[in-house]
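Beneath this line is the structure, given in C-alpha coordinates, with notes to follow.
Just so we're clear, the structure is a prediction, and the values are computed from it rather than from any experiment. The first residue of the sequence shown is numbered 1, and numbering continues consecutively from there.
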Amino acid sequence: MSALTTLPLRTVRLAALGLVLTATSLGLHWATSTTSGGVIPGYYVPDSYVIQWDEGTVDTVPGFVGAPIFTQGTSYDLSGAETPARLWLVCALVVAALALRTGRPGLLRVAALGPLLAVPLAGLHVYPGKVVALAGAALLLVAGLSARRRAPTP
(Lines give C-alpha, C1' and ligand atoms only; values in the text may rest on other atoms or scores of the structure.)
Protein backbone atom coordinates (compact mmCIF):
# COMPACT_ATOMS: atom_id res chain seq x y z
CA MET A 1 0.00 0.00 0.00
CA SER A 2 1.32 3.41 -0.94
CA ALA A 3 1.78 6.07 1.71
CA LEU A 4 -0.33 8.44 -0.38
CA THR A 5 -3.34 6.19 0.09
CA THR A 6 -3.09 6.52 3.88
CA LEU A 7 -3.92 10.23 3.56
CA PRO A 8 -7.37 11.48 2.58
CA LEU A 9 -7.67 12.59 -1.03
CA ARG A 10 -8.57 16.14 0.07
CA THR A 11 -5.32 16.38 2.05
CA VAL A 12 -3.27 15.15 -0.89
CA ARG A 13 -4.92 17.66 -3.23
CA LEU A 14 -4.42 20.57 -0.82
CA ALA A 15 -0.81 19.59 -0.21
CA ALA A 16 -0.12 19.23 -3.93
CA LEU A 17 -1.60 22.67 -4.60
CA GLY A 18 0.46 24.08 -1.72
CA LEU A 19 3.58 22.51 -3.24
CA VAL A 20 2.82 24.01 -6.65
CA LEU A 21 2.20 27.48 -5.21
CA THR A 22 5.35 27.39 -3.08
CA ALA A 23 7.45 26.25 -6.04
CA THR A 24 5.86 28.89 -8.29
CA SER A 25 6.70 31.64 -5.81
CA LEU A 26 10.40 31.02 -6.43
CA GLY A 27 10.01 32.29 -9.98
CA LEU A 28 7.89 35.34 -9.20
CA HIS A 29 9.05 38.81 -8.18
CA TRP A 30 9.84 39.20 -4.49
CA ALA A 31 11.21 42.72 -4.88
CA THR A 32 11.73 45.46 -7.42
CA SER A 33 15.00 46.90 -8.48
CA THR A 34 14.25 50.02 -6.45
CA THR A 35 13.80 48.04 -3.23
CA SER A 36 16.74 45.78 -3.97
CA GLY A 37 19.21 48.55 -4.84
CA GLY A 38 19.42 47.73 -8.54
CA VAL A 39 18.73 49.79 -11.63
CA ILE A 40 15.43 49.65 -13.49
CA PRO A 41 15.89 48.75 -17.17
CA GLY A 42 15.11 51.61 -19.52
CA TYR A 43 16.39 54.73 -21.22
CA TYR A 44 18.21 57.33 -19.13
CA VAL A 45 19.09 60.82 -20.26
CA PRO A 46 22.26 62.09 -18.61
CA ASP A 47 22.09 65.56 -17.09
CA SER A 48 25.58 66.42 -18.24
CA TYR A 49 27.55 65.69 -21.37
CA VAL A 50 31.20 64.68 -21.55
CA ILE A 51 33.31 66.17 -24.35
CA GLN A 52 36.70 64.68 -25.15
CA TRP A 53 38.98 67.04 -27.08
CA ASP A 54 41.70 66.05 -29.55
CA GLU A 55 44.51 66.77 -27.10
CA GLY A 56 43.06 64.28 -24.62
CA THR A 57 41.38 66.68 -22.20
CA VAL A 58 37.86 65.98 -21.06
CA ASP A 59 35.26 68.62 -20.24
CA THR A 60 31.86 68.08 -18.65
CA VAL A 61 29.10 70.44 -19.65
CA PRO A 62 26.48 70.41 -16.90
CA GLY A 63 22.90 70.88 -17.95
CA PHE A 64 23.57 69.76 -21.50
CA VAL A 65 21.30 66.87 -22.31
CA GLY A 66 23.13 64.04 -24.01
CA ALA A 67 21.80 61.13 -25.99
CA PRO A 68 19.63 58.64 -24.09
CA ILE A 69 21.51 55.69 -22.63
CA PHE A 70 19.79 52.31 -22.48
CA THR A 71 20.60 50.03 -19.57
CA GLN A 72 19.53 46.44 -19.00
CA GLY A 73 19.29 47.05 -15.27
CA THR A 74 20.04 44.57 -12.55
CA SER A 75 17.74 41.79 -11.44
CA TYR A 76 19.85 39.91 -8.96
CA ASP A 77 17.13 39.36 -6.38
CA LEU A 78 13.93 40.09 -8.22
CA SER A 79 12.66 36.53 -8.43
CA GLY A 80 12.73 34.11 -5.55
CA ALA A 81 14.25 36.63 -3.14
CA GLU A 82 17.68 36.14 -1.70
CA THR A 83 19.46 33.00 -0.55
CA PRO A 84 17.97 32.68 2.98
CA ALA A 85 14.41 32.93 1.66
CA ARG A 86 15.17 30.47 -1.14
CA LEU A 87 16.64 28.04 1.38
CA TRP A 88 13.48 28.07 3.51
CA LEU A 89 11.26 27.61 0.46
CA VAL A 90 13.28 24.69 -0.87
CA CYS A 91 13.29 23.09 2.59
CA ALA A 92 9.51 23.48 2.71
CA LEU A 93 9.18 21.79 -0.68
CA VAL A 94 11.36 18.88 0.41
CA VAL A 95 9.52 18.40 3.72
CA ALA A 96 6.10 18.60 2.04
CA ALA A 97 7.11 16.05 -0.58
CA LEU A 98 8.45 13.82 2.20
CA ALA A 99 5.15 14.20 4.06
CA LEU A 100 3.21 13.03 1.01
CA ARG A 101 5.64 10.19 0.37
CA THR A 102 5.53 8.86 3.93
CA GLY A 103 1.89 9.70 4.63
CA ARG A 104 2.70 11.80 7.72
CA PRO A 105 0.40 14.85 7.91
CA GLY A 106 2.41 16.38 10.74
CA LEU A 107 5.21 17.09 8.28
CA LEU A 108 2.82 19.19 6.21
CA ARG A 109 2.39 21.51 9.19
CA VAL A 110 6.18 21.70 9.54
CA ALA A 111 6.52 22.43 5.79
CA ALA A 112 4.16 25.41 6.16
CA LEU A 113 6.78 27.08 8.37
CA GLY A 114 9.20 27.43 5.42
CA PRO A 115 7.30 30.12 3.50
CA LEU A 116 6.21 31.74 6.77
CA LEU A 117 9.88 32.22 7.66
CA ALA A 118 10.99 33.12 4.13
CA VAL A 119 8.65 36.07 3.63
CA PRO A 120 9.87 38.19 6.59
CA LEU A 121 13.48 37.40 5.63
CA ALA A 122 12.88 38.96 2.21
CA GLY A 123 11.42 42.18 3.62
CA LEU A 124 7.98 43.47 4.44
CA HIS A 125 7.02 44.82 1.01
CA VAL A 126 4.10 43.13 -0.76
CA TYR A 127 5.02 41.44 -4.05
CA PRO A 128 3.45 38.54 -6.01
CA GLY A 129 6.09 35.98 -5.01
CA LYS A 130 5.52 36.62 -1.32
CA VAL A 131 1.73 36.46 -1.65
CA VAL A 132 1.89 33.17 -3.56
CA ALA A 133 4.36 31.75 -1.00
CA LEU A 134 1.99 32.67 1.85
CA ALA A 135 -0.93 31.09 -0.04
CA GLY A 136 1.14 27.92 -0.43
CA ALA A 137 1.94 27.96 3.30
CA ALA A 138 -1.74 28.36 4.13
CA LEU A 139 -2.69 25.40 1.95
CA LEU A 140 0.05 23.22 3.45
CA LEU A 141 -1.11 24.17 6.94
CA VAL A 142 -4.76 23.45 6.15
CA ALA A 143 -3.79 20.13 4.54
CA GLY A 144 -1.77 19.16 7.61
CA LEU A 145 -4.52 20.15 10.03
CA SER A 146 -7.34 18.51 8.09
CA ALA A 147 -5.59 15.18 7.63
CA ARG A 148 -6.77 12.27 9.64
CA ARG A 149 -5.00 9.07 8.87
CA ARG A 150 -7.18 6.33 7.60
CA ALA A 151 -6.67 2.84 8.81
CA PRO A 152 -5.09 0.68 6.11
CA THR A 153 -7.57 -1.61 4.45
CA PRO A 154 -6.55 -5.23 4.27
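Here the closest heavy-atom approach between residue Trp88 and residue Ala118 is recorded as CB-CB, 4.0 Å. Nearest approach of Thr11 to Ser146, heavy atoms of both residues: OG1-OG, 3.8 Å. Contact detail for Val119 and Lys130: the closest heavy-atom pair is CG2-O, 3.9 Å. Pairing each heavy atom of Leu100 with each of Ala15, the nearest pair is CD2-CB, 3.7 Å. Closest of all the heavy-atom pairs between Ala133 and Leu89 is CB-CD2, 4.3 Å. Listed here is the closest heavy atom pair of Thr24 and Val20: OG1-O, 2.6 Å.
The cluster map of Ile, Leu, Val, Met, Phe, Trp and Tyr, joined by side-chain heavy atoms under 4.5 Å apart, puts Val131 and Leu140 in different clusters. Both Leu19 and Val12 are assigned to one and the same hydrophobic cluster, defined by single-linkage of ILVMFWY side chains at heavy-atom distances under 4.5 Å. One hydrophobic cluster, built from ILVMFWY side chains closer than 4.5 Å, holds both Leu116 and Val90.
The shortest side-chain heavy-atom distance between Val95 and Leu113 does not fall under the 4.5 Å cut-off. Using a 4.5 Å cut-off on side-chain heavy atoms (C-beta onward), Leu14 and Leu108 make no contact.
Looking at Ser25, its side chain does come within 3.5 Å of a backbone N or O of Thr22 through a donor-acceptor pair.
To the nearest 0.5 Å, atoms CG (Leu107) and CG (Leu98) are separated by 5.5 Å.
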